[in-house]
Number of protein chains: 2
Amino acid sequence: MRIGELAKATGIDVETLRYYERVGLVQRPARQANGYRAYGQDAIERANFIRHCRTLDMGLGDIKRLLDFTSKPDADCFDVNHLLDEHLVRVRAKLKSLRTLEKQLARLRTQCDAGHRAADCGILQDLVAAAHGEACACHPSDGNSSLSKRKARE
Amino acid sequence: MRIGELAKATGIDVETLRYYERVGLVQRPARQANGYRAYGQDAIERANFIRHCRTLDMGLGDIKRLLDFTSKPDADCFDVNHLLDEHLVRVRAKLKSLRTLEKQLARLRTQCDAGHRAADCGILQDLVAAAHGEACACHPSDGNSSLSKRKARE
DNA sequence: GCTTGACCCTGAAGTCGCTAGAGGGTTTAT
DNA sequence: ATAAACCCTCTAGCGACTTCAGGGTCAAGC
């Protein structure tokens, strides 16, 4: 199987497959005489595993660890649970901040209904008001920044 | 005002301010004889505007366009609304996919309660089943991919 | 036999929004 | 006089790709 066929079979882009190989997520396949990659059936399975984990938004490092587990049947799967728990925590934190964000944006969006001159635009006024530190539609009264100096991946 | 003071006044990191200048979001300030950046009061306002928009998770390109609007009072603010609407659409799409993701992960997490050998791990089994195209706890029956070939920023 | 087009290859650079590091100079306080 | 705190530029790194430049290979149609 050539890389284009693997791409079609798994729904992963050709370039992305080559990228996965480069970073060690996918094993280097055999080569044909002309230098083309020659994949076996097992490559589809491994690639689908990766694709599935990616739709679950896992990082490539986590996926690599999970792949290692699938080839070590006697290992303790505690780490699998732990990895998933940590991922869930990240996802829930992101979800929470997105929910807040959505509310703020929706509120802000209601500000411009009147004029069509930028000078009269309630949205811009609101955003500028924030620059003065006044209360605004999107941040009625907040003090926390959360800008820069962030440590964790979102 | 030197860059450190501006950073303190706005809560934006010094490096980030220099970065904003490099990409043209913040105007290049005057310089003191020793080469230090010398900011006026207006810099605080502009920087706060940026900071506020960033907490609303807007991209730097969008913020630049909004900044341009604030200096063109006679422009039609239709584009401001439009920009915000598009941003809201992006945020809501991301929110939707995150909600689905959270459900899938939570369901997947319940799969491993029994053994502690990787071979018996329900989570890994589930993930591998997905590689075979079987129904799994996290994707009971789906067909859409959403992997690669994505166009828009998430 | 020759061109066209679809496919394949490598390696490097670009994306986004920072962050960090190297390797310096300047100012301020003790 | 010296140390700490600040400032400068330039460069590279992060994650997960994507895109580009500049090629090689192969089957089909003229």
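Labels below follow one simple rule: chain letters A, B, ... track the order of the sequence lines, proteins then strands, and each chain is numbered from 1.
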Rounded to whole angstroms, how far apart are [atom1] on [X] and [atom2] on [N]?
{"X": "A/R51", "N": "D/dC17", "atom1": "CZ", "atom2": "C1'", "answer": "17 Å"}
{"X": "B/Y19", "N": "D/dG13", "atom1": "OH", "atom2": "P", "answer": "17 Å"}
{"X": "A/L56", "N": "D/dA16", "atom1": "CG", "atom2": "C1'", "answer": "16 Å"}
{"X": "A/I12", "N": "D/dT18", "atom1": "CD1", "atom2": "C1'", "answer": "15 Å"}
{"X": "A/L6", "N": "C/dC8", "atom1": "CG", "atom2": "C1'", "answer": "14 Å"}
{"X": "A/Y20", "N": "D/dA16", "atom1": "OH", "atom2": "P", "answer": "9 Å"}
{"X": "B/M58", "N": "C/dG17", "atom1": "CE", "atom2": "C1'", "answer": "16 Å"}
{"X": "A/Q32", "N": "D/dT25", "atom1": "CD", "atom2": "P", "answer": "13 Å"}

Decide, yes or no, whether a salt bridge links [X] with [Y] under the criterion of side-chain N to carboxylate O below 4.0 Å.
{"X": "A/R109", "Y": "B/D85", "answer": "yes"}
{"X": "A/R92", "Y": "B/E102", "answer": "yes"}
{"X": "B/R18", "Y": "B/E21", "answer": "no"}
{"X": "A/R65", "Y": "A/D68", "answer": "no"}
{"X": "A/R90", "Y": "A/D62", "answer": "yes"}

Notebook entry, point to check: Given side chains that start at C-beta, do those of B/Y20 and B/R54 come closer than 4.5 Å, heavy atoms only?
Noted result: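 Yes - at least one pair of side-chain heavy atoms lies under 4.5 Å apart.
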Check: Considering only C/dT19, D/dT18, D/dA16, which nucleotide approaches the side chain of B/T16 most closely?
Finding: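 The answer is C/dT19, which lies nearest to the side chain.
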Notebook entry, point to check: What string of B, S and - do you get for nucleotides 3-10 of chain D 5' to 3' if you count protein non-hydrogen atoms under 4.0 Å?
Noted result: ---BSSB-
Next item on the list: Please check if any side-chain donor atom of B/Q32 sits under 3.5 Å from a side-chain acceptor atom of B/R37, or the reverse.
Entry: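 No, no side-chain donor-acceptor contact under 3.5 Å.
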Notebook entry, point to check: Taking five pairs at each end, how big is the angle between the two axes of the helix from C/dG1-D/dC30 to C/dT30-D/dA1, to 10°?
Noted result: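 Taking five pairs per end, the axes differ by 30°.
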Note to self: If I take atom CG from residue B/L88 and atom CG from residue B/L84, how far apart are they, to the nearest 0.5 angstrom?
What the structure shows: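 The CG atom of B/L84 is 6.0 Å from CG of B/L88, to the nearest 0.5 Å.
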Checklist line | Check against side-chain contact (heavy atoms from CB on, under 4.5 Å), B/F49 and B/T70 | finding: CA-CA 10 Å; B/F49 184 94; B/T70 61; 3.9 Å; yes
